[in-house]
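Presented below is the structure to which this report refers.
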4 protein chains.
Amino acid sequence: MPRTKQQFEEIRLKSQKRILDAALEVFAKQGYHLATVDAIAKTAGVSKGLMYNYFKSKEELLHELMIGMMENMMAEFLPIKPGEKLTKKIVTQMINEGIDLVLENPKYWKMYFSVFVQPDVMNMIMDKIMEMLQPYFKALTNYFEEKGEKDPVAMTRYFSAVMDGIQLHCMIDPKTFPAEKVKKILIKQFA
Amino acid sequence: MPRTKQQFEEIRLKSQKRILDAALEVFAKQGYHLATVDAIAKTAGVSKGLMYNYFKSKEELLHELMIGMMENMMAEFLPIKPGEKLTKKIVTQMINEGIDLVLENPKYWKMYFSVFVQPDVMNMIMDKIMEMLQPYFKALTNYFEEKGEKDPVAMTRYFSAVMDGIQLHCMIDPKTFPAEKVKKILIKQFA
Amino acid sequence: MPRTKQQFEEIRLKSQKRILDAALEVFAKQGYHLATVDAIAKTAGVSKGLMYNYFKSKEELLHELMIGMMENMMAEFLPIKPGEKLTKKIVTQMINEGIDLVLENPKYWKMYFSVFVQPDVMNMIMDKIMEMLQPYFKALTNYFEEKGEKDPVAMTRYFSAVMDGIQLHCMIDPKTFPAEKVKKILIKQFA
Amino acid sequence: MPRTKQQFEEIRLKSQKRILDAALEVFAKQGYHLATVDAIAKTAGVSKGLMYNYFKSKEELLHELMIGMMENMMAEFLPIKPGEKLTKKIVTQMINEGIDLVLENPKYWKMYFSVFVQPDVMNMIMDKIMEMLQPYFKALTNYFEEKGEKDPVAMTRYFSAVMDGIQLHCMIDPKTFPAEKVKKILIKQFA
DNA sequence: TATGAATGAGGATTCATTCAT
DNA sequence: AATGAATGAATCCTCATTCAT
C-alpha cells in the first residue's frame with residue numbers, strides 16, 4: 001500500500017525544510033560560490049540527488065532561500081497589516097528589531113547582503129524582492145509625509161539606505177559596533 | 001647596463017598596470033568567482049603565463065587590486081594631511097565626492113563592496129583595510145568632538161555606516177536614487 | 001477465488017501494455033539513451049515502482065518492446081502461414097506495406113533501426129530477431145528459387161538489404177522521398 | 001622565449017588529430033551515449049581538459065568527427081571533379097568502393113549510420129551532410145538521365161537508398177553477407 | 001498491486017595553475 | 001620577459017534503481 005497523498009506531502013515538506021536550512025547554513029558560512037552542493041547535502045543529511053528532486057539547481061536553491069528569508073524578515077520587520085499606518089512606536093520597533101536581527105545572526109545577513117552585490121546572476125531575485133518591498137516603502141513614505149517631511153519619497157530612500165548601512169556595519173563588525181548608541185541616534189532622527 | 005635595467009622595470013610596471021586594470025574590469029563585470037583568469041589575461045592583452053609572473057595567484061591579484069583602489073579612494077575621499085583638521089567644508093566635500101564617485105562607476109564599487117561581504121576568503125584584506133582607515137576615523141572623531149557631539153566615536157561609526165548605506169543604494173539603483181536630495185540631508189546633518 | 005485471479009491478470013496485462021506503449025512513444029521521440037524511466041512512467045500514467053514490477057530494467061523494457069514490434073511487423077509484413085508459398089501478389093504486398101508502414105510512423109521505425117546500429121548493448125536482441133526472421137528468409141529464398149534466380153540466397157539478402165535501405169531513407173526524409181516511384185521499381189524488379 | 005606561432009599551430013593540430021582519432025575509436029566501439037569523455041581522453045593519451053580546449057563539448061567533437069569522415073569518404077567515394085561526368089566505370093567503382101569501405105571498417109560505419117537514426121540532437125549535422133551530398137546527387141541524376149532513365153531524380157534516390165541498405169547489412173553482418181554477389185547485381189542494375 | 005521519496009555512482013564540464021620552450 | 005598547451009582536481013547535475021509503506 002502506498003502512502004497517502006498527505007503523508008507524501010509531509011515527507012516532502014520535511015525534506016525541503018532540511019535542505020533549505022542546510023543551504024542557509026552553508027551559504028552563510030562559505031558564500032554562494034564556495035558552497036558546494038555536496039556540502040549542503042551532507043549538512044542536510046540527504047543525498048545530492050534528493051536536493052535536485054526539490055530544487056532544480058544550486059541557483060534555484062539560493063532563490064528559494066532568499067525569498068523565504070525575505071518573507072520571514074518582512075513579517076518581523078514590518079509587523080503591520082496592509083493599509084494600516086505606521087506610528088512612531090512601530091518605526092522605533094523597526095529600528096530596534098532591524099539591528100538586533102543582524103546582530104543575532106551576522107552570517108545569515110552577510111549572505112543576504114552579498115546577493116545584492118553579485119553581478120548579473122541574481123537579477124531575477126532583485127525584481128522579486130523589490131516587489132515585496134513596495135508596501136514597506138509606501139507605508140514609510142506615508143509616515144514621513146504625515147510627519148511633515150518636505151520630500152517623503154527621498155526620505156524613505158534615505159532611511160532605507162541608512163538602515164542598510166548600519167546593518168552592513170553590524171555584520172562586518174558585530175563586536176565593536178556601537179549598536180545601542182546608533183539605535184538612539186536613529187530613533188531620534190526618524191521616529 | 002643600468003639603462004636596460006630601467007627599461008625592464010618600466011615594462012614590468014606597465015604590464016602590471018595593464019593586468020590590474022583588466023582585473024578590475026573583469027572582476028567588476030562578473031564578480032570575483034565568475035571572473036576567469038583567462039578572461040583577465042585576454043582583457044589585459046597578455047598571456048596567462050605572464051600574469052603568473054607578476055601575481056602568484058588569482059587571489060593575490062584581487063588583494064593588490066583592492067589595496068590599490070583603497071589607496072586611490074582614500075586620496076580623493078580624505079584629502080587632508082596627517083594631523084590636519086577636518087573642516088565643515090572638507091566634510092561637505094567628502095559627502096559629495098563619496099556619492100559622486102559611486103554614481104560614476106557603480107560596477108567597480110559593487111565589486112569593492114562585495115569583498116566586504118564575502119565570507120572567509122577576504123578576512124586577510126579586512127585587517128589591512130581597517131588599518132588604512134584608522135587616520136580617517138581619527139580625523140572624523142576629532143571633527144565630531146570639536147562639533148560638540150557627546151559621543152564622537154559612535155558618531156564616527158554612525159557616519160561611516162550611513163555613508164556606506166548610501167553608497168550601497170547608489171550602486172544598486174543609480175538611476176532612481178535621489179542622490180542630490182540625500183546629499184543635502186547628509187550635509188545638514190553631519191557638516 | 002479464481003475470479004479475482006483473473007481480474008488481477010487483466011490489470012497486469014493492461015498496465016504492462018500501457019507501459020510498453022509509453023516506452024515506445026518516449027524511446028521513439030528521444031532515443032533510448034535520452035529517454036528517462038521517469039518520462040516513460042509519467043507517459044504511462046503509472047509510478048516508477050510499478051514499472052519495475054513488470055520490467056526488471058530499462059533495458060528489458062526495450063527488449064520486450066523490440067520483440068513485440070518485431071512480431072507485429074512480421075504478422076503484417078509476411079502474412080503467410082508456415083509452409084505456404086510466396087506469390088508475386090504477396091511479395092508486391094510486402095513491398096507496398098513495408099514502405100507504407102514506415103511512412104506512417106517514421107519515428108517508431110527510427111527507434112527500431114537505431115537498435116541495429118547500437119554497438120555492444122543490443123547483441124542479445126539481434127540473435128532473437130535473426131531467429132524470428134528465419135522463416136521469412138526461407139520463404140523468400142524459395143520464392144526466388146522458383147522465379148529462376150541463379151543464387152536465391154544471395155538474392156534474398158539483397159532484397160532484404162534493399163528494403164531496409166528504402167525504409168531508412170523513408171524514415172530520414174519521409175516528405176521528399178519518392179516512395180511511390182520506388183515502389184514501382186521494386187515491384188518490377190522483385191515481384 | 002615562447003614558441004613561434006607556427007610551432008604552436010603544429011602542436012595544436014597534432015593534439016586535435018589525436019583526440020579526433022581517439023573519439024572515432026571510442027564512439028565506434030561504444031556508441032555516442034555510452035562513450036565517456038574520460039575514455040576518449042584516455043585513449044588519446046591527453047587530459048580531459050585539453051579536449052575542451054579544442055572542442056567545446058562532447059557533441060561538438062562528434063560533429064567535427066562526422067564532418068571530417070564525410071569529407072574523407074566523399075573524396076574516395078566520388079572521385080570526380082565538379083562538372084565532370086560520371087561514366088559506367090566510375091559508377092562501378094563507386095559501388096565496389098562503397099561496399100569495400102564498409103567491410104574494412106564496419107565499426108566506424110556503424111557510428112556513422114547511427115547518427116542518421118538519432119532523434120533530435122543531430123539535426124545540425126544532417127543539414128551539413130545533405131549539403132555536402134548535393135554534388136553527388138546531381139552527378140548521379142545526370143548520369144541516370146543520360147542513361148535514358150525516365151525519372152532520373154527518383155532513380156538517384158533509389159540508388160542511394162539501395163547503397164545505404166547494402167552498407168547497413170554489411171555493417172551488421174560482415175561475415176555472411178554475400179558482398180561480392182550483391183556487387184554484381186548492383187553493377188548490372190545501375191552501371 | 002502501487003507509490004514516489006531517496007540514493008549514489010557516474011558523467012560532462014570548468015578553470016586555476018604549471019611548465020617547456 | 002613571454003607564450004599558450006597541458007593538466008586534473010573540483011563541481012554541478014542526471015538518472016536507473018531500490019525500498020518503506
Side-chain angles (χ1 to χ4, degrees), chain A residues 1-5 7-12 14-16 33-41 45-59 61, chain B residues 7-9 11-12 14-15 33-42 46-59 61, chain C residues 7-8 11-12 15 33-42 46-59 61, chain D residues 1-5 7-12 14-16 33-41 45-59 61:
Chain A
M1 258 169 299
R3 290 182 184 81
T4 64
K5 279 262 160 70
Q7 280 174 315
F8 277 130
E9 186 63 17
E10 270 166 37
I11 292 173
R12 288 184 70 83
K14 207 167 160 186
S15 289
Q16 270 186 38
H33 290 287
L34 294 180
T36 66
V37 168
D38 226 61
I40 295 171
V46 301
S47 67
K48 258 182 298 182
L50 194 61
M51 252 207 51
Y52 285 92
N53 258 344
Y54 296 120
F55 306 95
K56 71 171 186 291
S57 68
K58 186 183 167 189
E59 199 181 327
L61 189 51
Chain B
Q7 284 178 327
F8 274 141
E9 187 59 19
I11 292 174
R12 278 192 72 83
K14 208 167 162 185
S15 287
H33 289 286
L34 295 181
T36 67
V37 170
D38 226 72
I40 295 169
K42 210 157 278 168
V46 302
S47 70
K48 266 186 291 183
L50 193 60
M51 262 202 48
Y52 279 88
N53 264 350
Y54 295 122
F55 305 94
K56 74 168 191 290
S57 70
K58 186 184 170 189
E59 200 179 328
L61 195 49
Chain C
Q7 283 178 330
F8 273 141
I11 292 174
R12 278 191 73 83
S15 287
H33 289 286
L34 295 181
T36 67
V37 170
D38 227 73
I40 295 170
K42 210 158 277 167
V46 303
S47 70
K48 265 186 291 183
L50 193 60
M51 261 202 49
Y52 279 88
N53 264 349
Y54 295 122
F55 303 94
K56 73 170 191 289
S57 69
K58 186 185 171 189
E59 201 181 327
L61 196 49
Chain D
M1 257 170 300
R3 291 183 183 81
T4 64
K5 278 261 160 72
Q7 281 174 316
F8 276 131
E9 185 63 16
E10 270 165 37
I11 292 172
R12 286 184 71 82
K14 207 168 160 186
S15 288
Q16 269 186 39
H33 289 287
L34 294 181
T36 68
V37 169
D38 225 62
I40 294 170
V46 302
S47 68
K48 259 182 297 181
L50 194 61
M51 252 207 50
Y52 284 92
N53 258 344
Y54 296 120
F55 305 95
K56 70 173 188 290
S57 68
K58 186 184 169 189
E59 199 181 328
L61 188 53

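No hydrogens, no waters, no symmetry mates; every other heavy atom, side chains included, goes into these values. A, B, ... follow the sequence lines: proteins, then strands. Residue 1 opens every chain.
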Base-pairing assignment for dT21(F) (Watson-Crick or G-U wobble, both under 3.5 Å): dA2(E)

Mate of dT14(F) where both pairing distances stay under 3.5 Å, Watson-Crick or G-U: dA9(E)

What's the separation between atom [atom1] in [X] and atom [atom2] in [Y], rounded to the nearest 0.5 Å?
| X | Y | atom1 | atom2 | value |
| --- | --- | --- | --- | --- |
| Glu59(D) | Leu61(D) | CD | CG | 10.5 Å |
| Glu10(A) | Ser15(A) | CD | OG | 11.5 Å |
| Glu9(A) | Thr4(A) | CD | OG1 | 10.5 Å |

Taking every non-hydrogen atom, the tightest pair across Phe8(D) and Arg3(D): CE1-O, 3.6 Å

Closest non-hydrogen atom pair, Ala41(A) against Ser47(A): CB-C, 4.0 Å

I need the [atom1]-[atom2] distance between [X] and [N], as an integer number of Å.
| X | N | atom1 | atom2 | value |
| --- | --- | --- | --- | --- |
| His33(A) | dA16(E) | NE2 | P | 12 Å |
| Leu50(A) | dC15(F) | CG | C1' | 14 Å |
| Tyr54(B) | dT3(F) | OH | P | 9 Å |
| Ile11(A) | dT21(F) | CD1 | C1' | 9 Å |
| Asp38(D) | dT7(F) | CG | P | 13 Å |
| Glu9(A) | dT21(F) | CD | C1' | 17 Å |
| Lys48(B) | dG4(F) | NZ | P | 10 Å |
| Asn53(A) | dA16(F) | CG | P | 13 Å |

Tell me whether the side-chain N/O atoms of [X] come closer than 4.0 Å to OP1 or OP2 in [N].
| X | N | result |
| --- | --- | --- |
| Arg12(A) | dA5(E) | yes |
| Arg3(A) | dA20(F) | no |
| Tyr52(D) | dT14(E) | no |
| Ser15(D) | dA5(F) | no |

Touch class at under 4.0 angstrom, heavy-atom based, for Ala41(A) against every strand present: nothing

Sugar-phosphate, base or nothing in reach of Ala39(A), heavy atoms under 4.0 Å: nothing

Taking the minimum atom-to-atom distance to the side chain of [X], which one of [options] wins?
| X | options | value |
| --- | --- | --- |
| Ser47(C) | dT7(F), dT7(E), dT3(E) | dT3(E) |
| Thr36(C) | dC15(F), dG11(E), dA5(E) | dC15(F) |
| Lys58(C) | dT1(E), dC12(F), dT17(F) | dT17(F) |

Nearest-nucleotide comparison on DNA chain E, the residue closer to the 5′ end among Gly49(C) and Gly45(A): Gly49(C)

Most 5' of Val37(D) and Val46(C) on DNA chain E, judged by nearest nucleotide: Val46(C)

Nearest-nucleotide comparison on DNA chain F, the residue closer to the 5′ end among Ser57(C) and Gln7(A): Ser57(C)

Non-hydrogen side-chain atoms of Asn53(A) and Arg12(A) separated by less than 4.5 Å: no

